[in-house]
Amino acid sequence: MREINGIPSVVEGTAYWAHILVPNTRFEPQKFELNLAVSDEVFQLFSDAGYYGCHAAGTKDFSPDAVVVFQKFAHLKDGTPNPSPRLVNSDNEDIDVALGNGSRVKVQWSHREYPMRGSGNMVLRAEPVAVQVIDLVEYGEVSNGSSSTTLEF
């Protein structure tokens, strides 16, 4: 399996507060995002590599497990819409559902790096490319704005 900074490019866990096909509009800038409860080992890999959005076990009220946050900006700096991550079933076929808390998923991700506003430091972010549903907890349907992506599941 391909790795990014020593971390598997596909990780598995339990999804919480997922906004995969439709960005989270509660905050600016809007983002596609997924809080993924992961094993301590996977968490440590992301944390040791310096990725933003790593929360140790017991620090989030929705899961006793460690959490890694995957985020992708919904718009580019020039305002152009950014395609959503793909959401697929176990056969890698695009699906059109909203993930409920507790869904078991695999996340294919990519590395993004950009300057932190005003500090000169770089932010490392795990950006979702595609999410494969292993065990769905569904809470509603959404429209699909996903793009064509080569999947590694």
Side-chain angles (χ1 to χ4, degrees), residues 1-5 7-47 49-76 80-114 123-153:
M1 176 175 290
R2 194 168 74 87
E3 291 188 348
I4 303 169
N5 293 331
I7 307 167
S9 62
V10 176
V11 295
E12 186 172 340
T14 304
Y16 294 93
W17 306 111
H19 293 80
I20 304 301
L21 300 178
V22 176
N24 184 347
T25 59
R26 293 183 58 208
F27 304 102
E28 286 295 331
Q30 297 177 7
K31 297 177 190 97
F32 301 104
E33 63 185 353
L34 170 70
N35 289 268
L36 189 69
V38 296
S39 69
D40 291 338
E41 177 184 336
V42 168
F43 167 79
Q44 203 60 55
L45 292 171
F46 278 97
S47 182
Y51 281 92
Y52 174 83
C54 294
H55 304 279
T59 60
K60 289 294 186 182
D61 60 1
F62 53 82
S63 174
D65 298 321
V67 172
V68 175
V69 180
F70 294 84
Q71 292 182 327
K72 178 180 180 180
F73 291 109
H75 296 89
L76 302 176
T80 303
N82 212 358
S84 69
R86 287 187 64 193
L87 182 62
V88 300
N89 63 18
S90 60
D91 294 324
N92 287 343
E93 299 167 334
D94 290 313
I95 56 175
D96 189 5
V97 297
L99 296 179
N101 289 341
S103 295
R104 190 81 182 158
V105 299
K106 289 182 181 179
V107 177
Q108 181 180 329
W109 65 282
S110 63
H111 168 88
R112 289 291 173 252
E113 191 172 317
Y114 49 90
V123 174
L124 304 181
R125 187 174 306 276
E127 184 175 280
V129 172
V131 176
Q132 183 181 50
V133 178
I134 305 302
D135 185 20
L136 177 65
V137 175
E138 187 178 345
Y139 69 80
E141 295 185 8
V142 295
S143 65
N144 187 342
S146 65
S147 64
S148 174
T149 304
T150 302
L151 300 178
E152 296 181 13
F153 299 117

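Side chains included, hydrogens not; waters and symmetry mates left out as well; all remaining heavy atoms used.
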Give a yes or no on this: more than 12 heavy atoms of other residues, nucleotides or ligands lie within 6.0 Å of atom CZ of Phe73. yes
Measure across Val105 and Val133 and return the closest heavy-atom pair with its distance rounded to 0.1 Å. CG1-CA, 4.2 Å
Side chains of Pro23 and Asn82: closer than 4.5 Å at any heavy-atom pair? no
Give me the atom names and distance for the closest heavy-atom approach of Cys54 to Ser47. SG-N, 3.7 Å
At what distance, to the nearest 0.5 angstrom, does CG of Asn35 lie from CD of Gln71? 8.0 Å
Could you go step by step and tell me if Lys31 and His19 meet the side chain to side chain contact (heavy atoms under 4.5 Å, CB included) rule? CA-CA 8 Å; Lys31 297 177 190 97; His19 293 80; over 6 Å; no
On a heavy-atom basis, which atom in Val10 and which in Met1 lie closest, and how many Å separate them? O-SD, 3.8 Å
Please report the interatomic distance CG(Leu21) to CD1(Ile95), rounded to the nearest 0.5 Å. 8.0 Å
Distance in Å, Leu36 CG paired with Lys106 NZ, rounded so as to fall on 0.5 Å steps: 12.5 Å
Within the 4.5 Å heavy-atom criterion, are Glu12 and Arg104 side-chain neighbours or not? yes
Classify the ring geometry of Phe46 against Trp109: parallel below 30°, tilted from 30° to 60°, perpendicular beyond 60°. tilted
Considering all heavy atoms, the nearest Phe32-Ile20 contact: CD2-O, 3.2 Å
Between the CG atom in Asp94 and the CG atom in Leu87, the distance rounded to the nearest 0.5 Å is 8.0 Å
I'd like to know if the side chain of Thr14 reaches the main chain of Gly102, judged simply by a donor and an acceptor atom lying under 3.5 Å from each other, with no hydrogens or angles considered. no
Would you check if the side chain of Asn24 reaches a backbone N or O of Arg26 as a donor-acceptor pair within less than 3.5 Å? yes
Residues, nucleotides or ligands: over 12 heavy atoms within 6.0 Å of Glu41 CD: no
Distance in Å, Asn89 CG paired with Gln132 CD, rounded so as to fall on 0.5 Å steps: 7.5 Å
Nearest non-hydrogen partners of Lys72 and Pro83, listed with the distance: NZ-O, 2.6 Å
Side chain to side chain contact (heavy atoms under 4.5 Å, CB included) evaluation trace for Phe62 with Val67: CA-CA 10 Å; Phe62 53 82; Val67 172; 3.9 Å; yes
Determine the minimum heavy-atom distance between Tyr16 and Ser63, stating which atoms define it. CE1-CB, 3.9 Å
Looking at NE2 of His55 and CG of Asp65, how far apart are the two atoms once the value is rounded to the nearest 0.5 Å? 14.0 Å
Check Arg125, His111, Arg112 against Tyr51 for a side chain to side chain donor-acceptor pair (under 3.5 Å) and give me the one that passes. His111
